[in-house]
Protein chains: 2
Amino acid sequence: MARKPADQSVNREDILLAAAEVLRRNGYEATTMKDIAAQVNLTAASLYHHFTNKDSLLLAVLEGGLEQVIEQMEPILASEQSCAFKLRQMIRVHITSLTENTAVGAAMVFEVRPLMAFRPPPRNGNQFDAEAAEDFIRRRDTFFARRDYFENLFRRVVREGVDRGEFQTENATILVKTMLGAHNWVAIWYRETGPLTGEQIATLIADTFLRSLQPKG
Amino acid sequence: MARKPADQSVNREDILLAAAEVLRRNGYEATTMKDIAAQVNLTAASLYHHFTNKDSLLLAVLEGGLEQVIEQMEPILASEQSCAFKLRQMIRVHITSLTENTAVGAAMVFEVRPLMAFRPPPRNGNQFDAEAAEDFIRRRDTFFARRDYFENLFRRVVREGVDRGEFQTENATILVKTMLGAHNWVAIWYRETGPLTGEQIATLIADTFLRSLQPKG
DNA sequence: TTTATAATCTAATCTTGATTCGATTAAATT
DNA sequence: AATTTAATCGAATCAAGATTAGATTATAAA
């Protein structure tokens, strides 16, 4: 009954990648469906076969990016290592995932706000597509919750480190926000043609924060 | 000959403040001239009396924000203090200026890209307003240059600190980007209703980086 | 082969929004 | 008072862009 999609046809993933690419260049609002479509040799109309609308496409890009990082984070958290080691790994994973796919990385930083400023889409006639809108809101809130969860992973290791006497910090919440800000910023200034690889940058940044966390500084 | 503007009339500054406010809510592309105008009880058309166009209005917001911080930064740089002290002051000034005017602060982070993606405005007929466009580009490039200069101020203190043996760091460039990322991120998550004041946040973040910079950590 | 469904396309539709034009009002200077 | 320039406004222009509607084509499954 169900048909396997043809190999040469464009799939969701292709579109998401392409969208991220265009998004980086133009930002959400300035990006047209046509722009995204062009990137995968489709027409704007065709995109609506894969995604219900522009907002939902954006959301999918962000969801994908976030889940991909979270997936890599969890095993590190669960491992039986020192907190210093774990935190170092987490920083590395976060930063390299941003530098390896700068498009998605930048989207994670820049395109979250358009998501928040959700304006109910233009009414078609008078038909309340309120259900669709609510669906979207729900999905979006889930995304934000996942984001909090992600931040929380960092906070957890930091606190664990403090409890174990491995780390010293006055305010773990702020420390984590400080770290995440630094990481996210990488997505903005990093250039593949720059002098340092993502790995190297990750190492430098990890050193910076771990040095700060070491007690008896 | 020239007329002093009437007291009750709206001036450039009012508009810039209002614009920043709206910008924070909606982001540049999603912000309409009407939105900005409404914030100061004007019509969209009236804004064109004060600014040549939307791009130029955005640029003015950013220029204002940047210069205001730079102004406060320079005397610190010039003072005869330890680098640790100077850096601490600079961090404080940067962060508090972001938290005291979060609207402009957020604009400095989010609205720079729309500036880069400058697309020559729709041609009026065929009349090359190329001069205006070039003017804009020039002004924009100046802004970017000032931004580099700003970043450079931090780099300078850090390097000076290293030279004097006050600081230890492997890569001052990356360290500064790390710091600035952390600072800028504050503009995004900070809420006036939150548990910490801008000052307190600034202190915590300064502590974090200075601890990391202290040699023989 | 048929058939159902996926993937696309072209051609509307319909709105929104930047910008321009031509008044109009108000205040400062002379 | 007369004149000039600043500030504003309402209405018109003009283009762009999201989304829909109605085909059309391709391909997997039966």
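Within every chain, numbering begins at 1; the chains are lettered A, B, ... in the order of the sequence lines, protein sequences first and strands thereafter.
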Send over the distance from [X] [atom1] to [N] [atom2], rounded to a whole Å.
| X | N | atom1 | atom2 | answer |
| --- | --- | --- | --- | --- |
| Phe136(A) | dT19(D) | CZ | P | 11 Å |
| Lys34(B) | dC9(D) | NZ | P | 13 Å |
| Asn53(A) | dG17(D) | CG | C1' | 14 Å |
| His49(B) | dC9(D) | NE2 | C1' | 12 Å |
| Tyr28(B) | dG17(C) | OH | C1' | 12 Å |
| Met33(A) | dG17(D) | CE | P | 13 Å |

What does [X] touch in the nucleic acid at a heavy-atom separation under 4.0 angstrom: a base, only the sugar-phosphate, or nothing?
| X | value |
| --- | --- |
| Asn41(B) | sugar-phosphate |
| Ser46(B) | base |
| Asp35(B) | nothing |
| Thr31(A) | sugar-phosphate |

Lys86(A): which of Glu160(A), Gln81(A), Glu80(A) passes side chain to side chain donor-acceptor pair (under 3.5 Å):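 The option that passes is Glu160(A).
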Aromatic ring proximity Phe209(B)/Phe209(A), centre distance under 6.0 Å: yes
Any chance you could measure Leu180(A), atom CG, to Ile188(B), atom CD1, to the nearest 0.5 Å?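 Between atom CG of Leu180(A) and atom CD1 of Ile188(B) there are 11.5 Å.
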Six-ring centre of Phe154(B), Lys177(B) cation under 6.0 angstrom, axis tolerance 45°: no
